[in-house]
Amino acid sequence: MVLVVGAGPTGLALACGLLSHGIPVRVVDRAAGPAVTSRANFVHARGSEVLARLGALGDLPTESLRAMKVTTYLGDRPLATVRFGDPTLRTAAAPMVVSQARVEAALRDRLTALGGRIDWKAGLTGLDQDDTGVTVTLGTGESVRADWVVGCDGTGSATREQAGIGFPGVRISERYLLADLHIDWDLDRDGTTGWVSPAGMVGAMPMPGPGEDLWRLLAYDPTSAQGRPTEQEIMDRFRRILPERTGHTDAHIRDVTWASVFTVHRRLADTYRQGRVLLAGDAAHVHAPFGGQGMLTGLGDAENLAWKLALVVREHASESLLDTYQAERRPLAAQVLRGTTAVTRVNIAANPVGRFVRDRVVAPLLNLAPVQRLASYSASQLWVSYRTGPLGAGRLGHKPRPGDRVPDLACTHPDGRPTRLHTELGGRFALLVPDDAPGWSPNQWGVTLRFTEGRPGEAWLVRPDAHLAWRGRDPASLARWMTETLTTGPTR
């Protein structure tokens, strides 16, 4: 049995992935029940793809807003507009403006459908592991024996602390105010709007829900009173900040539905695995919220780990396969940390030189179409590749190389019906073969499909997370790859 600690998006996605492989899972969380509010409210294309492959996407696209642009102002002068959701990205699912709470609800529904459940008020308080498993003590006093434990319990992870895994880092900014407010004003709801000023940045994002007046506001507020303010104090502070920094003197804040404060930190766990204990999501990495990378990176962690841990639990692969989880995901987290840190420092630039570079150099560049496409592609994480990792093939050879993400190609199901690659993955491998290629037996790890797009004249084995595992023309070579990679462990 795998014990998943934390019922946020990462823990729920991991549990769903494991259950889809028939792995017994127990999910525990120290909270009294599901969260109804959340800081994260954007799911980029890769996150939507993960949810779709887990069978948890459901009605989220129709419930979300299509606010796919970010416009930045200096006073009443627009500096830059960046558009997201580039239709040329060949994704199986579109990006969404939707709250993390709603994403978690969709994952909980999928968890229930797969036969799983969540034990609330049952946080981890103790952990002791040996060669065959882990004994965990819960806040309820219960002792649980698990084969593996995965800590998805956030930045203050008790799992990480009990496993003795370091979490070094630094604070990179003073505090921010965050609130969901009902506001009467004439701001465009087709996208996010941000204002930069010497007093600090402020951003406004339209939120889905009844009516057309719910907004999420974010403001850098390093000079406000210390201590944790009440919701009323945060609302009153926003009433002062909005006209000062945006020029919208007509904005009328009627009430608040949720408010919080936070400080931006940059932290990365020393290791993602300590014996039979693994970390994922915010328990392994924490960074600034700019760019909507937090929930997205956690969902990617969960999908990457799920299929590998499932193969190990079912004894179809050696434990060395789990080492590729950190090898593939930790460098990405480090890159996300660097990127979000840079964006944070640009947003809060306080000295004249920093403001000049932001307003006169960076902002004009963001209005260039190639730069906008690059920004959209970067934020989507569809570029993520593991080609230089232990399961990859390096930088040489024809694209896609092993480790690269494979687009959602058109293909043919064994029963002859047309289908799409990502639709057929669903937590399993897919073997894509040419129509005229003899000798390919049914794929023991998943489904065998026929190319109807591209037709490269060779076979591709695609991993459950839509990355290329192997390509070639010889079935015997594929059999050797499976044996060497899964049974004896990767050699790179």
I would like to know whether L409 and R420 meet side-chain contact (heavy atoms from CB on, under 4.5 Å); could you show each step before the answer?
CA-CA 6 Å; L409 300 174; R420 308 289 304 188; 5.7 Å; no
Assess the residue pair L177 and L218 against the criterion (side-chain contact (heavy atoms from CB on, under 4.5 Å)); give the C-alpha distance rounded to whole Å, side-chain angles, the decisive distance to 0.1 Å, and a yes or no.
CA-CA 6 Å; L177 304 180; L218 169 71; over 6 Å; no
With side-chain contact (heavy atoms from CB on, under 4.5 Å) as the criterion, how do T72 and W195 come out once you've worked through the C-alpha distance, each side chain's angles and the decisive distance to 0.1 Å?
CA-CA 6 Å; T72 303; W195 296 265; over 6 Å; no
Would you please test V312 and L322 for side-chain contact (heavy atoms from CB on, under 4.5 Å) and show each step?
CA-CA 8 Å; V312 171; L322 294 178; 3.9 Å; yes
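Looking at D153, its side chain does come within 3.5 Å of a backbone N or O of A158 through a donor-acceptor pair. In this structure, D408 contributes its side chain and H422 its backbone to a donor-acceptor pair below 3.5 Å. A donor-acceptor pair under 3.5 Å is absent between the side-chain atoms of D180 and the main chain of T257, judged by distance alone. Checked by atom type and distance alone, the side chain of R110 pairs as donor or acceptor with a backbone atom of L54 at under 3.5 Å. With R160 contributing its side chain and A283 its backbone, the two residues share a donor-acceptor pair below 3.5 Å. Of the possible polar contacts, one joining the D147 side chain to the M1 backbone as a donor-acceptor pair under 3.5 Å is found. The backbone N or O of W148 lies less than 3.5 Å from no partner atom in the side chain of R276, so there is not a single donor-acceptor pair. Using modelled atom types, one side-chain atom of T485 and one backbone atom of W481 make a donor-acceptor pair closer than 3.5 Å.
Atom CG of D109 and atom CD of E104 lie 12.0 Å apart (nearest 0.5 Å). Residue S99 holds its OG atom at 8.0 Å from CE of M295, rounded to the nearest 0.5 Å. A distance of 9.5 Å separates NE2 of H413 from OG1 of T448, quoted to the nearest 0.5 Å. Rounded to the nearest 0.5 angstrom, D29 CG and L124 CG are separated by 11.5 Å. Of the inter-residue distances, the one linking E49 atom CD with D465 atom CG reads 10.5 Å to the nearest 0.5 angstrom. The SG atom of C152 lies 8.5 Å from the CG atom of D301; values are rounded to the nearest 0.5 Å.
Y386 and R405 share no donor-acceptor pair across their side chains, judged by distance under 3.5 Å alone. Judged purely by distance below 3.5 Å, without hydrogens or angles, the side chains of T155 and D282 never pair a donor atom with an acceptor atom.
The aromatic rings of H285 and H287 sit parallel to each other, their planes meeting at less than 30°, with 60° as the upper class boundary.
Checked against D404 for a side chain to side chain donor-acceptor pair (under 3.5 Å), the options H467, R387, K399 give a single hit: R387. Just one residue in the list Q381, H44, Q335 forms a side chain to side chain donor-acceptor pair (under 3.5 Å) with T297, and that residue is Q381.
Every residue two or more places apart in sequence or in another chain that forms a ring-ring contact (aromatic ring centres under 6.0 Å, His included) with W215 is listed here: W185. Shown here are the ring-ring contact (aromatic ring centres under 6.0 Å, His included) partners of H316, two or more places apart in sequence or in another chain: W445. Qualifying side chain to side chain contact (heavy atoms under 4.5 Å, CB included) partners for Q326, counting only residues two or more places apart in sequence or in other chains: T271, Y272, R330. In this view, W307 and F429 satisfy the ring-ring contact (aromatic ring centres under 6.0 Å, His included) rule, not counting sequence neighbours.
For residues 14-28, the pairs satisfying side chain to side chain donor-acceptor pair (under 3.5 Å) are R26-D119, R26-E142, with sequence neighbours left out. Judged as a salt bridge (Lys or Arg N to Asp or Glu O under 4.0 Å), the pairs with a partner in residues 54-63 (not counting sequence neighbours) are, in order, E63-R102.
Under a 4.0 Å N-O distance rule, the pair E424/R450 does not qualify as a salt bridge. A salt bridge links E328 with K308: at least one charged nitrogen is closer than 4.0 Å to a carboxylate oxygen.
Side-chain contact between V98 and F42 is absent, with no heavy atoms from C-beta onward closer than 4.5 Å. Using a 4.5 Å cut-off on side-chain heavy atoms (C-beta onward), L299 and T10 make no contact. Side-chain contact between D323 and R273 is present, with heavy atoms from C-beta onward closer than 4.5 Å. You'll find the side chain of L432 reaches within 4.5 Å of the side chain of C411, heavy atoms only. Residues R108 and I118 meet the side-chain proximity criterion, which asks for heavy atoms closer than 4.5 Å.
Atom CZ of R471 sits in a crowded spot, with more than 12 heavy atoms from other residues, nucleotides or ligands closer than 6.0 Å.
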